[in-house]
Amino acid sequence: MALHFIGAISGTSVDGLDLALIDVDPVVPRIIDATTEPIPGPLGDSLRALALPATGDVNLMARADAELGELIGQAARAFAGDRPVRAIGSHGQTIRHDPRAKPAHTMQIGDPHRIAEISGIDTVADFRRRDVAAGGEGAPLVPPFHEALFKPPKGERVVVNVGGISNITILSPDLLTGFDTGPGNALMDAWIREHQGLAFDRNGAWSATGRVNPDLLTDLEQDGFVRAPPPKSTGKDFYNLDYLRMRLKGSEDPADVQATLTEFTAASISWAIERWAPSSADIVVCGGGRLNDDLMHRLGRRMGSRRVMKTESLGVDGDAVEAAAFAWLAYRFLERLPGNSPTVTGAAGPRVLGAFYPANRQIR
Ligand SMILES: Nc1ncnc2c1ncn2[C@@H]1O[C@H](COP(=O)(O)OP(=O)(O)OP(=O)(O)O)[C@@H](O)[C@H]1O
Ligand SMILES: [Mg+2]
């Protein structure tokens, strides 16, 4: 019998709420449907503000937690329609992520009680904190799902997710590794929002008009994160406008800055691949950044003879992979199977990730 799960994630870019429906039966998960719901402007503004270290507004957080939970619950109910769904895996919105702090912490909001109440579907949420409690980075959590979906029959392959932050999964025959490589769209989005009031640089059209500023690129490269060895993870509490402003003289041409940020994103991904996956000939890209032609062009140039492709080449919707991963993690939770990979996150061991929010059985 088909076993369906919904995954929901509003990623670090706050560009929309991604939903995916997967079938985990018989063994290999299959994405059978996906959609993206818009996030209302004021809620988006709150979520973006809450991700910044300077925002310590508990009232704002409490309201955004409730509003986002309501949005996810309604979106999941509409998306499920008449289809029987065993459970929802909800990632929520990351508002803090600092596994290097003492105590290490990560926090996602989007009230799962509301999701269960509104959707009438069992909900699993809060996936990252158990891994952090076990000494791990709490991120990335997608590599085991990438492995289930994309592991090649032989040889090595790298999966790159270019969301707000970029992360890679290295699928080699005997070891699963993966880590955040640095920025994805976060810095490019922040800069174009600041200069042109746009949410993102569509197809990289603006960055393609600029010239890379070598001094700025060198400065960015020495940020302490991109060259650090894994396990490692980061968030928008690090890669934000303040991070960039600290490195600008003020005289730079804005289009050149955008070109440099795009180059930096491509460079940080390619350094990670060259250093940690030197024998991978295949690079498979998912996440919104794969639609940025200028970024893909820069990445392709840096990757030389390796084959850079989108997940669509393997028959998988590159906008649905992350959401589908959390559907799969909800399934893992219900089966009490580990969701993390200690070789990825550095946790003390495999752990069942998430917490359970049962649906009200009388309403469905
Ligand atoms: N046509 C496009 N051209 C350029 N960039 C695009 C395009 N479409 C989407 N993007 C970029 O992709 C981003 C959204 O990507 P995605 O949804 O994968 O990231 P996310 O929500 O941060 O996810 P996560 O961080 O969880 O992986 C947008 O903010 C934008 O920067
Ligand atoms: Mg998104």
Side-chain angles (χ1 to χ4, degrees), residues 7-20 34-39 43-44 47-48 51 68 71-72 75 89-95 97 106 108-110 127-128 138-143 145-146 159-169 178-194 196-209 233-240 258-259 261-262 265-266 269 284-299 310-312 316-327 329:
I9 181 166
S10 55
T12 47
S13 300
V14 200
D15 60 309
L17 172 70
D18 293 326
L19 297 152
T35 189
T36 301
E37 279 292 315
I39 296 174
L43 176 58
L47 297 176
R48 264 186 294 276
L68 182 59
L71 178 73
I72 300 169
S90 176
H91 175 269
Q93 183 71 34
T94 297
I95 58 164
H97 184 75
T106 185
Q108 287 74 37
I109 60 169
F127 291 98
R128 298 195 188 274
L141 296 181
V142 290
F145 183 67
H146 286 164
V159 182
V160 185
N161 171 46
V162 187
I165 303 299
S166 293
N167 59 277
I168 63 170
T169 299
F179 52 90
D180 287 353
T181 57
N185 301 290
L187 297 174
M188 302 185 284
D189 283 2
W191 189 243
I192 199 167
R193 183 177 288 274
E194 169 91 348
Q196 303 193 356
L198 298 172
F200 62 92
D201 185 5
R202 187 170 293 279
N203 307 334
W206 189 36
S207 65
T209 67
S233 61
T234 186
K236 276 171 87 169
D237 31 6
F238 184 64
Y239 285 113
N240 54 42
Q258 188 73 353
L261 295 176
T262 310
T265 299
I269 294 167
V284 186
V285 189
C286 62
R290 83 195 185 291
L291 303 173
N292 182 326
D293 296 334
D294 189 43
L295 175 67
M296 290 297 278
H297 178 70
R298 291 173 192 275
L299 184 63
K310 297 174 184 157
T311 49
E312 278 76 4
V316 176
D317 174 356
D319 287 323
V321 178
E322 300 297 291
F326 287 89
L329 284 170

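Every number for a ligand or one of its atoms is a count from 1 in the order of the listing.
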Asker: Identify, by atom number and element, the atoms of ligand 1 in contact range of Gly287, meaning under 4.0 Å from any of its heavy atoms.
Answerer: 18 (O)
Asker: Which protein non-hydrogen atom lies closest to atom 3 (N) of ligand 1, naming both residue and atom, and how far is it?
Answerer: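 Protein heavy atom with the smallest distance to atom 3 (N) of ligand 1: Asn203 N, 2.7 Å.
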Asker: For atom 20 (P) of ligand 1, grab the closest protein heavy atom and report residue, atom and distance to one decimal in Å.
Answerer: Ser13 OG, 3.5 Å
Asker: Got the closest protein heavy atom to atom 5 (N) of ligand 1, with its distance?
Answerer: Phe200 CD1, 3.6 Å
Asker: Considering Asp293, Thr262, Asp189, Asp15 one by one, which has a heavy atom nearer to atom 29 (O) of ligand 1 than any of the others?
Answerer: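 Result: the heavy atom closest to atom 29 (O) of ligand 1 is in Asp189.
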Asker: Check the pair Glu37, Asp18 against side chain to side chain contact (heavy atoms under 4.5 Å, CB included), reporting the backbone distance first and the verdict last.
Answerer: CA-CA 6 Å; Glu37 279 292 315; Asp18 293 326; over 6 Å; no
Asker: The Mg ion (ligand 2) is nearest to which N, O or S atom of Asp15?
Answerer: OD1
Asker: Run the numbers for me: atoms of ligand 1, each under 4.0 Å from some heavy atom of Gly11, listed by number.
Answerer: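 Counting from 1, the qualifying ligand atoms are 20 (P), 21 (O), 22 (O), 23 (O), 24 (P), 26 (O).
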Asker: Grab the two heavy atoms, one from Glu322 and one from Cys286, that are nearest each other, plus how far apart they are.
Answerer: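 Taking every non-hydrogen atom into account, OE2-SG, 4.4 Å.
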Asker: Quick one: which of Asn292, Leu295, Leu299 gives a side-chain contact (heavy atoms from CB on, under 4.5 Å) with Val162?
Answerer: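 Result: among Asn292, Leu295, Leu299, Leu295 is the only option passing the side-chain contact (heavy atoms from CB on, under 4.5 Å) with Val162.
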Asker: Are any of the N or O atoms of Gly164 closer than 3.5 Å to those of ligand 1?
Answerer: yes
Asker: Specify the protein heavy atom at minimum distance from atom 13 (C) of ligand 1: its residue, its atom name, and the distance to 0.1 Å.
Answerer: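 Atom 13 (C) of ligand 1 sits closest to the protein heavy atom Asn185 ND2, 3.5 Å.
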Asker: State whether the shortest distance between N or O atoms of Ser10 and N or O atoms of ligand 1 falls below 3.5 angstrom.
Answerer: no
Asker: Counting from 1, what ligand 1 atoms have a heavy atom of Gly289 closer than 4.0 Å?
Answerer: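 Result: 12 (O).
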Asker: Which atoms form the tightest heavy-atom contact between Gly11 and Gln93, and what is the distance?
Answerer: O-NE2, 3.2 Å
Asker: Looking at ligand 1, does any of its N/O atoms fall within less than 3.5 Å of an N/O of Gly288?
Answerer: yes
Asker: Which one of Thr169, Thr311, Val284 satisfies the side-chain contact (heavy atoms from CB on, under 4.5 Å) criterion with His146?
Answerer: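 For His146, the side-chain contact (heavy atoms from CB on, under 4.5 Å) check succeeds only for Thr169.
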Asker: Among all protein heavy atoms, pick out the one at the shortest distance from atom 25 (O) of ligand 1; state its residue, atom name and that distance to 0.1 Å.
Answerer: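 Among all protein heavy atoms, the one nearest atom 25 (O) of ligand 1 is Thr12 OG1, 2.7 Å.
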Asker: Which protein heavy atom lies closest to atom 27 (O) of ligand 1, and at what distance to 0.1 Å?
Answerer: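 Residue, atom and distance for the closest contact: Asn161 ND2, 3.0 Å.
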Asker: Do you know which two heavy atoms are closest between Pro183 and Ser166, and how far apart they sit?
Answerer: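 In this case the closest contact between Pro183 and Ser166 is O-OG, 3.0 Å.
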Asker: Have a look at ligand 1 and work out which part of Ile9, if any, has a heavy atom under 4.0 Å from it: side chain, backbone, both or neither.
Answerer: side chain
Asker: Hey, mind stepping through Asp294 and Arg298 against salt bridge (charged side-chain N to carboxylate O under 4.0 Å, His left out) and telling me if it holds?
Answerer: CA-CA 6 Å; Asp294 189 43; Arg298 291 173 192 275; 3.0 Å; yes
Asker: For Thr234 versus Asp180, what's the shortest heavy-atom pair and its separation?
Answerer: N-OD2, 2.9 Å
Asker: Can you name the nearest heavy-atom pair linking Val142 to Ala325, along with the distance?
Answerer: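 In this case the closest contact between Val142 and Ala325 is CG1-CB, 3.6 Å.
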Asker: Of all heavy-atom pairs between Leu17 and Ser10, which one has the smallest distance, and what is that distance?
Answerer: CD1-N, 3.9 Å
Asker: Look at Glu322 and state whether any of its N, O or S atoms is less than 2.8 Å from the Mg ion (ligand 2).
Answerer: no
